[in-house]
Visitor: 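My questions will all concern the structure given below.
Keep in mind that this is a model prediction, so the values were computed, not measured. The figures here come from the full heavy-atom set of this structure, side chains too, leaving out hydrogens, waters and symmetry mates.
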Amino acid sequence: MGWSIDDPVPDRASSGGASVTALANLFVVGAPKCGTTSVAGWLAGHPDVYWSVPKEPYFWAADLPRQRAHYGFSTLESYRGLYASDEAAAATYRGDGSTTYLYSDVAIPDICAHVEDPRFVVCVRNPVELVASYHRTQVVALNEDEPDLAAAWHRSLRGELPGCDPLDPRLVDYPRIGRVGAALSRMLATVPASSVHVVLVDDLRADAEAQWRRLAGWLDLAADPLPELGVSNPSTKAHRFPALRRLTHRPPPVLAPVVRRARQWARTTDLAAVHAAKRSMWRPDERPQMSPDLRAELTE
């Protein structure tokens, strides 16, 4: 059996002969739609950086066990497999872009306890815009069944859950997600400030090259040649086949183990046909809109 964070922590240098410190040492965290996909993509293209496939394994968020199990990396053995290649071993940095780590109570302390000199890139944005985009993300992820942001926000304020089955109640606690400053302060109580680099999504939009050079300099990486500096993963898509999405992401219990393995394979394979099939499951959609009254309420 592979080691799990829920089990006693192995020695920092080894676990059954396997190096713990050979795992990820660079973490891009922050709520979804804060630029994490773009930043992780820039870093993944650098010759001195190796990034996990998938970008977000969620391994260290042991206090969100259903999310970890859903994405298939709940044991050290499975997580180590993401960094088992010679390419990963030769890289200066091995990346993990799990956004949940910023809000997890245990992820960052556990990383700091068991990874030598971890670095954290924290992507943030205006909390009002964050909540709007994040709500849309949770609808897409099937953690939320209320498409109206105002209704979902007010329900969350009442401490109520959606009518669907979210992987964890904290994933639809919108006021908590919006408190980015509190999450960052909690991180800085554990992580030295010199090991944290903050990226504001507005700055990415205004001058992506300047932000890339600033980030590369902090990591002591060569900034040239420039990566592809476009914006990735915008909030402009919706399920084309909702029933299929529910089957693959909330399967009945009898099918769950098989579907989980298939979903994990689809997230890690390099087969072009699989990626094309996954893209075909989405349709274009409008960005989430917010009424002036709701914007004023969130701002307050």
Side-chain angles (χ1 to χ4, degrees), residues 19 21-57 59 79-99 101-102 111 115-125 129 133 184 191-237 266-276 278-279 282 284 287:
S19 171
T21 53
L23 300 179
N25 56 1
L26 176 59
F27 301 87
V28 172
V29 301
K33 309 306 177 189
C34 283
T36 57
T37 300
S38 297
V39 171
W42 299 351
L43 289 165
H46 197 283
D48 294 327
V49 179
Y50 179 89
W51 214 270
S52 69
V53 178
K55 162 186 168 271
E56 300 179 87
F59 170 70
Y79 187 60
R80 282 186 61 238
L82 297 174
Y83 306 97
S85 67
D86 292 340
E87 183 184 2
T92 302
Y93 294 103
R94 290 166 294 278
D96 177 338
S98 302
T99 55
Y101 293 168
L102 182 63
I111 290 169
V115 175
E116 185 174 357
D117 191 25
R119 297 290 193 93
F120 298 90
V121 180
V122 185
C123 296
V124 299
R125 69 187 298 185
E129 301 296 336
S133 291
L184 183 56
V191 183
S194 59
S195 297
V196 177
H197 181 89
V198 177
V199 177
L200 181 63
V201 72
D202 291 345
D203 293 338
L204 290 183
R205 293 168 178 162
D207 193 341
E209 180 178 341
Q211 294 309 305
W212 162 247
R213 292 189 180 281
R214 178 172 166 261
L215 173 60
W218 176 70
L219 291 170
D220 199 23
L221 296 173
D224 294 309
L226 292 175
E228 192 69 38
L229 295 174
V231 176
S232 303
N233 200 25
S235 302
T236 55
K237 63 182 182 179
R267 295 177 76 221
T268 56
T269 183
D270 291 329
L271 290 176
V274 174
H275 290 277
K278 289 164 64 177
R279 288 193 297 270
W282 299 98
R287 289 182 179 274

Visitor: Check whether any side-chain heavy atom of F27 sits under 4.5 Å from a side-chain heavy atom of S98, and report yes or no.
Guide: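 Result no, sub-4.5 Å side-chain heavy-atom pair not found.
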Visitor: Over all heavy atoms of both residues, which pair between V29 and T36 is shortest? Give the atoms and the distance, please.
Guide: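 Shortest heavy-atom contact: O-CG2, 3.9 Å.
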Visitor: Listed by chain and number, what are the side-chain contact (heavy atoms from CB on, under 4.5 Å) partners of D220, not counting sequence neighbours?
Guide: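 Checked D220 against side-chain contact (heavy atoms from CB on, under 4.5 Å); zero matches.
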Visitor: Do V124 and V201 come within less than 4.5 Å of each other through their side chains, counting heavy atoms only?
Guide: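 They are not in side-chain contact.
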Visitor: Using a 4.5 Å cut-off on heavy atoms from C-beta on, say whether the side chain of T92 contacts that of L26.
Guide: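 Not touching, per the 4.5 Å side-chain cut-off.
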Visitor: What residue pairs, at least two apart or across chains, pass ring pair (Phe, Tyr, Trp, His ring centres under 6.0 Å) with a residue in residues 31-53?
Guide: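 Qualifying pairs: none.
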Visitor: Does the side chain of D117 come within less than 4.5 Å of R119's, by heavy atoms?
Guide: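 Answer yes - side chains close enough.
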Visitor: Which residues pass the side-chain contact (heavy atoms from CB on, under 4.5 Å) test with P225, not counting sequence neighbours?
Guide: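 None.
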Visitor: Drop me the distance from W218's CH2 to S195's OG, to the nearest 0.5 angstrom.
Guide: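 W218 atom CH2 to S195 atom OG measures 6.5 Å (nearest 0.5 Å).
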Visitor: Side chains of P57 and Y79: does their closest heavy-atom pair fall under 4.5 Å?
Guide: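 Touching, per the 4.5 Å side-chain cut-off.
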Visitor: Check whether any side-chain heavy atom of E209 lies under 4.5 Å from a side-chain heavy atom of L229, and answer yes or no.
Guide: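 Yes, side chains in contact.
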Visitor: Could you measure the distance from the CG atom of L221 to the CG atom of L215? Nearest 0.5 Å is fine.
Guide: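 Those atoms lie 7.5 Å apart.
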Visitor: Using 0.5 Å steps for rounding, measure from the CG atom of L204 to the SG atom of C123.
Guide: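 L204 atom CG to C123 atom SG measures 6.5 Å (nearest 0.5 Å).
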Visitor: Quick one: list whatever passes side-chain contact (heavy atoms from CB on, under 4.5 Å) with R214, sequence neighbours left out.
Guide: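 side-chain contact (heavy atoms from CB on, under 4.5 Å) check on R214 returns H197, Q211.
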Visitor: Give the intermediate values and the outcome of side-chain contact (heavy atoms from CB on, under 4.5 Å) for residues V199 and V122.
Guide: CA-CA 6 Å; V199 177; V122 185; over 6 Å; no
Visitor: Just to verify, what does T99 make a side chain to side chain donor-acceptor pair (under 3.5 Å) with, not counting sequence neighbours?
Guide: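 For T99 the side chain to side chain donor-acceptor pair (under 3.5 Å) partners, ignoring immediate neighbours, are E56.
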Visitor: Just so I know, are the side chains of D96 and Y83 near enough to count as touching, which here means a heavy-atom distance under 4.5 Å?
Guide: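 Counting from C-beta outward, D96 and Y83 do come under 4.5 Å.
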Visitor: Between R94 and S52, does any side-chain donor sit less than 3.5 Å from a side-chain acceptor?
Guide: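 S52 and R94 do not have a side-chain donor-acceptor pair below 3.5 Å.
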Visitor: Can you list everything that forms a side-chain contact (heavy atoms from CB on, under 4.5 Å) with A84? Sequence neighbours excluded, please.
Guide: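 A84: no side-chain contact (heavy atoms from CB on, under 4.5 Å) contacts found.
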Visitor: Go through the steps for D224 and R213 under the test salt bridge (charged side-chain N to carboxylate O under 4.0 Å, His left out), then give the verdict.
Guide: CA-CA 9 Å; D224 294 309; R213 292 189 180 281; 2.8 Å; yes
Visitor: Evaluate L43 against Y93 for side-chain contact (heavy atoms from CB on, under 4.5 Å), listing each step before the verdict.
Guide: CA-CA 9 Å; L43 289 165; Y93 294 103; over 6 Å; no
Visitor: Enter the distance from Y101:OH to I111:CD1 here, rounded to the nearest 0.5 Å.
Guide: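 Here the interatomic distance stands at 5.5 Å.
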Visitor: Side-chain contact test, heavy atoms from C-beta onward, threshold under 4.5 Å: evaluate it for D202 versus R125 and give yes or no.
Guide: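 When only atoms from C-beta onward are counted, R125 and D202 do not touch, as no gap falls below 4.5 Å.
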Visitor: Looking at every non-hydrogen atom in both residues, tell me the closest pair between A223 and W212 and how far apart they are.
Guide: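 It is O-NE1, 2.8 Å.
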